[in-house]
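Notes follow the structure.
Here is the naming used below: chain letters follow the sequence lines, and residue numbers restart at 1 for every chain.
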Amino acid sequence: MNMKLNSSLTTLTNTSKNPFFRFIHYSISLKFISNTVLCVPHIAHNLFDKIPHRPTTLKEHNQLLFSYSRDKQTKEALNLFVSLLHSSLQPDESTLSCVFNICAGSLDGKLGRQVHCQCVKFGLVDHVSVGTSLVDMYMKTENVNDGRRVFDEMGERNVVSWTSLLAGYSWNGLYGYVWELFCQMQYEGVLPNRYTVSTVIAALVNEGVVGIGLQVHAMVVKHGFEEAIPVFNSLISLYSRLGMLRDARDVFDKMEIRDWVTWNSMIAGYVRNGQDLEVFEIFNKMQLAGVKPTHMTFASVIKSCASLRELALVKLMQCKALKSGFTTDQIVITALMVALSKCKEMDDALSLFSLMEEGKNVVSWTAMISGCLQNGGNDQAVNLFSQMRREGVKPNHFTYSAILTVHYPVFVSEMHAEVIKTNYERSSSVGTALLDAYVKLGNTIDAVKVFEIIEAKDLMAWSAMLAGYAQTGETEEAAKLFHQLIKEGIKPNEFTFSSVINACASPTAAAEQGKQFHAYAIKMRLNNALCVSSALVTMYAKRGNIDSAHEVFKRQKERDLVSWNSMISGYSQHGQAKKALEVFDEMQKRNMDVDAVTFIGVITACTHAGLVEKGQKYFNSMINDHHINPTMKHYSCMIDLYSRAGMLEKAMGIINEMPFPPGATVWRTLLGAARVHRNVELGELAAEKLISLQPEDSAAYVLLSNMYAAAGNWQERTNVRKLMDKRKVKKEPGYSWIEVKNKTYSFLAGDLTHPLSNQIYSKLSELSIRLKDAGYQPDTKNVFHDIEDEQKETILSHHSERLAIAFGLIATPPEIPIQIVKNLRVCGDCHNFTKLVSLVEQRYIVVRDSNRFHHFKDGLCSCGDYW
DNA sequence: GTAGGGTTAG
């Protein structure tokens, strides 16, 4: 025994009349007893003297042990046991199983193992009840392998032993073993009892297994556990968890006797599945049946009122809960706070929170913080978060995952550090929130690092990472990740598919990729889920395949606002204004709600088609008929609408009338239009504003310099270029991509790196002769260098999109449309060139530039030369 | 009773 302890014990013995009594009861922890008392007989004896009615026979010992165990007086029970070990009495199987039960209850594995070692000499561990208690003890203290070994070595096993083993695996989250062992048990001829069945069902509930749940139900019927209310209660939970509410209700209806757990389970089932009307039905029936609602009943029902966003109902339930005496109940008050926050009644929620009498715990703090976050009060949430910690309440994984939806860069880094310190980094929910924060901050590298650290990645974590890749357009990475999650046995849901399909909408993605995920979604019967079909419409539209987008839209069995918006935006991007507006009309005919996004689609459709008056009409109608406040994006659309039509004064007028200062997009739009319409004065103004807002954005300098060049003002152009050099701003080079046989090829202007370069350039020379015969005149206005026209022509003829088109003509058969993606806007001369190529080569060519789609066919473009 | 991921816009 350790010297230090020995001397402190000696000191205590000398200074106090009842040293061990005080020592044991006031200072030492359970662990301490386990390490010392068992080994020190005289300590135990002295302690034993303090027990009020000293038992003498084994039976009396056992009875006292049992009552200590029942009242969870662990220390007292262990002391009694130690004294028994040092008396002349021999413990029997009841003593030992009771002691192991006590160790299991204390959750102290070290202690349990020590007691086990002490008891081996009594030779009773083979006894079925002792063995069973031992299994339970090892399982509860996370020593799964030891528990299993004891079980395997037991000579005789009964239903209780088997149930302990099953419950042990379930306790340790190893649900997969539970069903297997349950089958093995029956194979060995042991019939389950109601506890076994409850345990198995609880495990299935946790694992979410559908098929097996039905088998268990069949068995319940077969073995007739009719009188076992807990079995039925857990069946109700099982079916609710699996979304099989009708089956849950069947069980509920067939029960002759129901306890309050039954009613609460049924209510919780309806709440979980969003069937709020049924919640109230059961709640009323519960009261009619004379069963008093508990605090959990109120909490569930209030949650239901919250999801209905019915403030009146929330208040009604609040009154009812108060009348039933739950005026200060923490759980009920927390549920009320959440409900009020959901109904946007933040003042009421906050005042309930500040008045919480029973003290605020981590749940109520987190509920209030989330309430602020959902109502846009990020700063308020951050303040509450620090206040919570000042008051000594430690955040849990709920709190961290909630607060991490605040995406202030410095705050996110601070939280990341804190999450590492508190060991929540590996938690799936916290990790997911953190990785999403990095994604939203545009930092994919850290997002990936966080993702890799998450220990047990659940579906949400995978989906968040997929969404991250979708945002950065990393289609290949997204596809790889998707296949990896399948390989790990995770079953994707509709959200997983919407993320990965969204990643396939990136302009550089292989066209086949999106189709493959579409096929996969059909196979998994998830293609009709709203978010999947909307993602498909957008993906096909962005990939240039507007017909497939419409096909998906047409086949949708149900549509929501997003579905309609996706189709309108799709048509609008393709310049098919008429169709976009038809979809909008159809939407209104069906009395669908419209929103701010709908009008962005509608107005841009008008912009691309030059329908200025119509655009203005829709803008007015949005404000006056639909009471939607225009955002910056709407104003940008309107400025685009007017300035593309050359009505720059009108555009300027809108800028002056805007209720908030115009942002960079507004000035960029105006600058582009000023360049096209050669309005140097307005261009200078717009460029100046744009450069002051975004000094690092190359587009502003390039547009301004091109504008000076177009006006022949080479001096000013040189000045702008010099300014760019000084500020180290680089012009984004123009790239074009083309996909041939599932491989993407990219071209720079004047590119010579392609293996077929020679053939590409000779194709271009051949085309240039044929096009000139067809009346093509190079438009050298589009070359912004102070050089001779002949040189300008050469520069034009080697723009990246032309190289890509030439390669497309060489490398693909004539019936295949050529699809090109360009990162900048296509220039006027290349637009003419492409029109004529589509005529002389009889090819369908689709070009997606940074702004919209151009469909070239028979010498014409879908944009009507208006872009 | 509290939490994280997803679909529409430019």
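Residues F385(A) and W365(A) keep their aromatic ring centres 6.0 Å or farther apart.
The S498(A) side chain lies nearest to dG6(B) when the options are dT8(B), dA3(B), dG6(B). Counting only heavy atoms from C-beta on, S534(A) has its side chain closest to dT7(B) among dA3(B), dT7(B), dG6(B). Residue A535(A) places its side chain closer to dT7(B) than to any other of dT7(B), dT2(B), dG4(B). Nearest nucleotide to the H397(A) side chain, out of dG1(B), dA3(B), dA9(B): dA3(B). Of all nucleotides listed (dG1(B), dG5(B), dA9(B)), dA9(B) comes nearest to the side chain of K542(A). Of all nucleotides listed (dT8(B), dG1(B), dG5(B)), dT8(B) comes nearest to the side chain of V562(A). Looking at the side chain of S401(A), the nearest of the listed nucleotides dT8(B), dT7(B), dG4(B) is dG4(B). Comparing dG4(B), dT8(B), dT2(B) against the side chain of N502(A) picks out dT8(B) as the nearest. For A464(A), the listed nucleotide lying nearest its side chain is dG5(B); candidates were dG5(B), dG1(B), dA3(B).
A donor-acceptor contact under 3.5 Å links the side chain of T334(A) to the base of dG1(B). Checked by distance alone, T496(A) brings no side-chain donor or acceptor within 3.5 Å of a matching partner on the base of dG6(B). For S463(A) against dG5(B), a side-chain N or O and a base N or O form a donor-acceptor pair under 3.5 Å. For T432(A) against dG4(B), a side-chain N or O and a base N or O form a donor-acceptor pair under 3.5 Å. For D458(A) against dG4(B), a side-chain-to-base donor-acceptor contact under 3.5 Å is present.
Side-chain N/O atoms of Q330(A) include none lying less than 4.0 angstrom from OP1 or OP2 on dT2(B). The side chain of Q374(A) contributes an N or O atom lying less than 4.0 Å from OP1 or OP2 of dA3(B). Look at K303(A) and you'll find a side-chain N or O under 4.0 angstrom from OP1 or OP2 of dT2(B).
If you take NE2 of H550(A) and P of dT8(B), they are 19 Å apart, rounded to a whole angstrom. Atom-to-atom, CG of L336(A) to C1' of dG1(B) comes out at 10 Å; the value is rounded to the nearest Å. One atom, CD1 of I546(A), and another, P of dT8(B), lie 14 Å apart when rounded to the nearest Å. Between the CG atom of N396(A) and the C1' atom of dT2(B) there is a distance of 7 Å, given to the nearest Å. In this structure, Y469(A) atom OH and dG6(B) atom P are separated by 15 Å, rounded to whole Å. Across the protein-nucleic acid pair, N361(A) atom CG and dA3(B) atom P stand 14 Å apart, rounded to whole Å. Atom P of nucleotide dT2(B) and atom NZ of K360(A) are separated by 19 Å, given to the nearest angstrom. Taking atom CG of residue L530(A) and atom P of nucleotide dT8(B), one finds them 13 Å apart after rounding to whole Å.
At least one donor-acceptor pair under 3.5 Å links the side chain of S427(A) to the backbone N or O of V430(A).
Across F619(A), F584(A), F599(A), a single residue satisfies ring-ring contact (aromatic ring centres under 6.0 Å, His included) together with H626(A), and that is F599(A). With respect to F497(A), the ring-ring contact (aromatic ring centres under 6.0 Å, His included) criterion is satisfied by exactly one of F517(A), W462(A), F482(A): F482(A).
T405(A) comes within contact range of the sugar-phosphate backbone alone, with a heavy-atom separation under 4.0 Å but no base atom that close. Among the atoms of the strands shown, only primed sugar atoms or phosphate atoms (P, OP1, OP2) are found under 4.0 Å from some heavy atom of V338(A). Among the atoms of the strands shown, none is found under 4.0 Å from any heavy atom of M368(A). Counting non-hydrogen atoms under 4.0 angstrom, Q471(A) reaches nothing in the nucleic acid. T665(A) comes within 4.0 angstrom of nothing in the nucleic acid, heavy atoms only. Within 4.0 Å (heavy atoms only), T604(A) reaches sugar-phosphate atoms of the nucleic acid but no base atom.
Annotation: cation-pi pair K320(A)/F298(A) absent, no NZ/CZ under 6.0 Å from the ring centroid and within 45° of its normal.
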Practice prompt. For side chain to side chain contact (heavy atoms under 4.5 Å, CB included), just list the numbers for Y400(A) and E418(A), CA-CA rounded to whole Å, side-chain angles, deciding distance to a tenth of an Å, and then say yes or no.
Written response: CA-CA 9 Å; Y400(A) 283 117; E418(A) 196 172 314; 2.7 Å; yes

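A salt bridge links E477(A) with K480(A): at least one charged nitrogen is closer than 4.0 Å to a carboxylate oxygen.
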